[in-house]
Amino acid sequence: MRVDGTAYRTIWPAADGPAVEIIDQTKLPHSFETLRLTGLDDAAHAITAMQVRGAPLIGATAAYGLWLALRVDPSDVSLNRACETLIATRPTAVNLCWAVEAVRAAVAGLPPGERADAAFAKAGEICDADVAMNRAIGEHGLALFRELHAAKGGGPLNVLTHCNAGWLATVDWGTALAPIYMAHDAGLPVHVWVDETRPRNQGAALTAWELGRHGVPHTVIADNAGGLLMRQGRVDLCITGTDRVTARGDVANKIGTYLKALAARANGVPFHVALPGPTIDWSLSDGDAIPIEERAGREVSHIPGRTDDGEIRDVRITPPDSPVANPAFDVTPAELVDGFVTERGRCSASAEGLAALYPEHASAAAE
Ligand SMILES: CSC[C@H]1O[C@H](OP(=O)(O)O)[C@H](O)[C@@H]1O
């Protein structure tokens, strides 16, 4: 996407040496800063600290992290340690282990001296494929938007989204936001209700920043406002991203997604999920088996912001002696999802729907 006239991906090889550069998402929306990752530990920290985040982007970052590790030591021991280190950073997004295993498979059979170059090439392939898949998701999602807008009979299409599944969550384009950008650029009137998405505020800080840069009309709302807006008939569609979809269509996504899906079903609002194929975990059927990341309690007890004199810092919002819990994801059962938008087209949230789009995995989907 373009930021102030300059085209960006969210991760790119440095022009001046063995490193990759990323956008530090912990600094947005107050400051646009890039960071240089020069080793495995940099990449692992960037994922853990959410300097990069979003299922496809943490996969891409891990892929380059393996390249950085193999440049230093291409041995089997180093490769396996690096894979384990990266996979351990965040447990819910399946793209992370998918990308790590894709790079491992690309290099493991090679002589050590050839592994770093092969890892670099594979990481680049993963990034290019992500951009192409997300562009296709946008096109298939735009068709859905056109159908819903035509059925509405006038006025902007009011879309509610949760968390950030925009270009910042991927290498480019985004997943849930890709059709929003394409609709806006095609002149289809769209307005976005942006869930702030406590506790890390990906919506308030990142989705609002993205949409504002692109000129897409949007309104930031408290997470708990969505149900009222749906009851008032002010939401025509909910669309989110996802971190892991099971073979039967259960969806793991940012905490709060399940509640939105319940409210959408209760109010007859279509609830769709946008995802690229690598987000599907064909080894799982029941979404309750998806590991849910538990993050630090400080993300709940404190909130980051910028003071009037420009200082960015956390401030406490809970009593110091109050315990906090911080599950970072929840699971929405397939029954509450009205449809998937993938790079291969749209389908129902079901084993049959996914198998039809991904026949090479049909046996897993049927279990
Ligand atoms: C296109 S994946 C976006 C997905 O990732 C986010 O999680 P996090 O910000 O913790 O990395 C969230 O679940 C989004 O829906």
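In listed order, ligands and their atoms are each counted from 1.
Checking side-chain atoms of Arg115 against main-chain N and O of Leu70 turns up no donor-acceptor pair under 3.5 Å.
Under a 4.0 angstrom heavy-atom cut-off, Thr242 registers as being in contact with ligand 1. Under the 4.0 angstrom criterion for non-hydrogen atoms, Ala328 is not in contact with ligand 1. Residue contact annotation: Thr175 has a non-hydrogen atom under 4.0 Å from ligand 1. Heavy atoms of His162 stay at 4.0 angstrom or farther from ligand 1.
When only modelled atom types and interatomic distance are considered, Asp24 and Thr26 share a side-chain donor-acceptor pair under 3.5 Å. With 3.5 Å as the limit, one finds no donor-acceptor pair spanning the side chains of His272 and Asp338. Checked by atom type, the side-chain pair Arg316/Thr318 shows a donor-acceptor distance below 3.5 Å.
Listed by number with element, the atoms of ligand 1 under 4.0 angstrom from any heavy atom of Met50 are 9 (O), 10 (O). Contact atoms of ligand 1 toward Gln202: 8 (P), 9 (O), 10 (O) (distance under 4.0 Å to a heavy atom of the residue). Remark: ligand 1 atoms within the under-4.0 Å shell around heavy atoms of Ala55 are 2 (S), 5 (O). Heavy-atom contacts of Arg90 reach the following atoms of ligand 1: 8 (P), 10 (O), 11 (O) (cutoff under 4.0 Å). In the vicinity of Asn164, heavy-atom distances shorter than 4.0 Å reach the ligand 1 atoms 3 (C), 14 (C).
The closest non-hydrogen atom to atom 4 (C) of ligand 1, taken over Leu275, Asp243, Thr161, comes from Asp243.
The distance criterion of under 3.5 Å between nitrogen or oxygen atoms is not met by Ala169 with respect to ligand 1. Taking distance alone, with nitrogen or oxygen atoms compared against 3.5 Å, Asn253 approaches ligand 1 more closely than that limit. Annotation: Arg53 places an N or O atom under 3.5 Å from an N or O atom of ligand 1; distance criterion only.
Using cut-offs of 30° and 60° on the angle between ring planes, the pair His361 and Trp282 is parallel.
Under 4.0 angstrom from ligand 1, the non-hydrogen atoms of Pro56 all belong to its side chain.
Of the candidates Gln202, Glu210, Arg200, Asn164 forms a side chain to side chain donor-acceptor pair (under 3.5 Å) with just one, namely Glu210.
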